[in-house]
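Structure record follows, encoded as structure tokens.
Just follow the structure's listing: the first ligand is 1, and inside any ligand the first atom is 1.
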Amino acid sequence: MAVDRGRAVLIALERLEEGERLLLELELLLANLDVDVVERVIQKRDSPDPAFFLGSGKARDLKRICDVVDAGLIVSDRPLTPRQMANLKAESGRYVWDRPLVIMKIFEERARTSEAKLQVELARCRYELPHLRGLGHQMSRLGGGIGTRGPGETEFERHRRKLERRIRDITRKLAQVKKRRRNQRKRRSRSDILTIAMVGYTNSGKSTLLRRLSGDRSVYVADALFATLDTLVRSISMSDGRTILLTDTVGFIRELPPALIAAFRTTLEEAVAADFLLVMLDGSDPDALETLRVVRETLRDIDAIEIPRAVLLNKADLIDRSTLNGLLTRIRSDGEDVEAISASKWDVKEIIPVLEKLVFRTYL
Ligand SMILES: Nc1nc2c(ncn2[C@@H]2O[C@H](COP(=O)(O)OP(=O)(O)OP(=O)(O)O)[C@@H](O)[C@H]2O)c(=O)[nH]1
Ligand SMILES: [Mg+2]
């Protein structure tokens with residue numbers, strides 16, 4: 001059967017709030033992988049079916065639906081268990097992905113440095129391991145009576161051991177990288193230079209700001225989710241001649257797969273080690289306030305919630321004044337210090353004073 005992996009059917013359970021937003025976000029993530037969502041199958045039920053995610057009748061219908069819209073791929077809005085994934089694959093004859101896998105694939109495509117590549121591979125190994133165990137278990141049941149090892153199982157065992165070995169290898173290598181980073185940070189903190197880390201939702205303009213302020217054209221900027229997967233530090237001169245260090249980090253997103261949060265801790269730790277956090281927010285995003293909530297939650301997750309911070313409402317050039325003022329008021333009433341900028345349109349001379357206002361309000 002010729003299947004088109006560029007055309008996908010989205011499957012989801014109806015969620016009360018946020019449902020539509022999360023589905024649109026998943027579609028955007030898929031678009032980044034050149035996958036078009038051609039159909040949505042949304043079912044109303046309280047909890048996922050343990051065997052099929054959707055109800056078994058609906059799941060059996062998926063093959064027909066995929067035939068009709070000529071889709072080669074089924075993507076689930078929520079994480080699938082190994083069993084659900086294997087069953088859906090068997091029923092539909094299509095590739096089956098879930099949200100964590102989609103995000104991991106984007107990370108795989110974007111990883112540039114060897115460190116980012118290692119972190120992505122680690123996340124992928126950790127994701128695959130339980131799926132392999134699930135399959136191995138099924139194979140061993142097919143293999144026959146108690147105590148017998150089917151031929152399939154040994155194959156899975158071999159693969160499993162390989163994965164586990166790789167996880168140990170990568171973990172060791174990453175630990176070395178981490179040590180090196182920590183030493184670099186120590187050297188920096190001894191030098192009394194103020195370190196500021198930018199954090200924020202993916203595509204909010206963090207790299208654009210770093211590029212603008214440092215004048216370094218090699219800083220990678222793209223209208224894509226997860227353009228930056230590596231930490232990048234540049235020194236920036238303030239108006240009084242004093243220097244700060246500005247760090248770019250990987251962008252946050254709702255429902256980041258747990259395997260990836262763990263794997264990217266090294267990158268995010270750079271944020272935890274900063275003196276000050278600049279939370280970048282895309283002001284033109286209708287969900288800007290919601291993304292601020294996600295960022296705050298993530299900061300709590302990585303133990304960075306106590307670090308002094310301020311919000312930079314970016315892309316001011318794209319919003320009208322009254323919307324902008326409304327946003328600023330809302331964010332301030334949330335207890336955050338905030339100013340608006342346009343990282344891509346404003347001149348460095350206009351941006352620096354805003355930064356100084358936010359940062360030195362806390363530090364002077
Ligand atoms: N109109 C407008 N566009 C902007 C502004 N700042 C950034 N952009 C655009 O927004 C997109 C994302 O910018 P990036 O700087 O790559 O975003 P990022 O926060 O580094 O994203 P990740 O690396 O994915 O976390 C790019 O297409 C930028 O050109 C702005 O102030 N105004
Ligand atoms: Mg970036």
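Atoms of ligand 1 lying under 4.0 Å from any heavy atom of N314, numbered from 1 in the order shown and given with element: 5 (C), 6 (N), 7 (C), 31 (O). Applying the 4.0 Å criterion to heavy atoms of S342 picks out, from ligand 1, the atoms 30 (C), 31 (O), 32 (N). Within ligand 1, counting atoms from 1 as listed, the ones closer than 4.0 Å to a heavy atom of G251 are 25 (O). Interface atoms of ligand 1 facing D317, defined by a heavy-atom separation under 4.0 Å, are 1 (N), 2 (C), 30 (C), 31 (O), 32 (N). Listed by number with element, the atoms of ligand 1 under 4.0 angstrom from any heavy atom of L318 are 1 (N).
Summary of contacts: the protein heavy atom closest to atom 2 (C) of ligand 1 is S344 OG, 3.3 Å. K206 NZ, 2.9 Å is the protein heavy atom nearest to atom 25 (O) of ligand 1. Here the heavy atom of the protein found nearest to atom 9 (C) of ligand 1 is K315 NZ, 3.9 Å. Atom 27 (O) of ligand 1 has its closest protein heavy atom at D223 CB, 3.4 Å. Protein heavy atom in closest approach to atom 17 (O) of ligand 1: G205 N, 3.1 Å. Among protein heavy atoms, the minimum distance from atom 7 (C) of ligand 1 is reached at T208 OG1, 3.3 Å. Closest to atom 29 (O) of ligand 1 among all protein heavy atoms lies V221 CG1, 4.0 Å. The closest protein non-hydrogen atom to atom 12 (C) of ligand 1 is N203 OD1, 3.0 Å.
With respect to E336, the salt bridge (Lys or Arg N to Asp or Glu O under 4.0 Å) criterion is satisfied by exactly one of R293, R330, R296: R296.
D77 and R99 are joined by a salt bridge, as a carboxylate oxygen and a charged side-chain nitrogen come within less than 4.0 angstrom of each other. At a threshold of 4.0 Å, the pair R166-E121 counts as salt-bridged, since one of the basic side-chain nitrogens sits closer than that to a carboxylate oxygen. K315 and D282 are joined by a salt bridge, as a carboxylate oxygen and a charged side-chain nitrogen come within less than 4.0 angstrom of each other. A salt bridge is defined here as a Lys NZ or Arg NE, NH1 or NH2 lying under 4.0 Å from an Asp or Glu carboxylate O, and D36 with R7 fails to meet this definition. Between D67 and R64, no side-chain nitrogen of the basic residue sits less than 4.0 Å from a carboxylate oxygen of the acidic one, so the salt-bridge criterion is not met.
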**Study point:** Residue pair S204, N314: steps toward the side chain to side chain contact (heavy atoms under 4.5 Å, CB included) verdict
**Key:** CA-CA 7 Å; S204 59; N314 189 32; 5.9 Å; no

Exercise for review: Apply salt bridge (charged side-chain N to carboxylate O under 4.0 Å, His left out) to R168 and E164, showing your working.
Suggested key: CA-CA 6 Å; R168 277 196 300 275; E164 283 170 348; 5.3 Å; no

Check your understanding: Checking salt bridge (charged side-chain N to carboxylate O under 4.0 Å, His left out) for the pair E157/R160: CA distance, chi angles, key distance, verdict?
Key -> CA-CA 5 Å; E157 273 295 306; R160 182 176 65 82; 2.8 Å; yes

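In summary, an N, O or S atom of S207 is located under 2.8 Å from the Mg ion (ligand 2).
Side-chain contact, Y127 with D98: a donor N or O sits under 3.5 Å from an acceptor N or O.
Considering backbone and side-chain atoms alike, A343 places an N or O below 3.5 Å from some N or O of ligand 1. Residue S204 has at least one nitrogen or oxygen atom sitting less than 3.5 Å from a nitrogen or oxygen atom of ligand 1, judged on distance alone. Remark: ligand 1 and D248 share no N or O pair separated by less than 3.5 Å (distance only, no angle test).
The cationic atom of R242 (NZ for Lys, CZ for Arg) lies less than 6.0 Å from the six-membered ring centre of F360 and within 45° of the ring axis.
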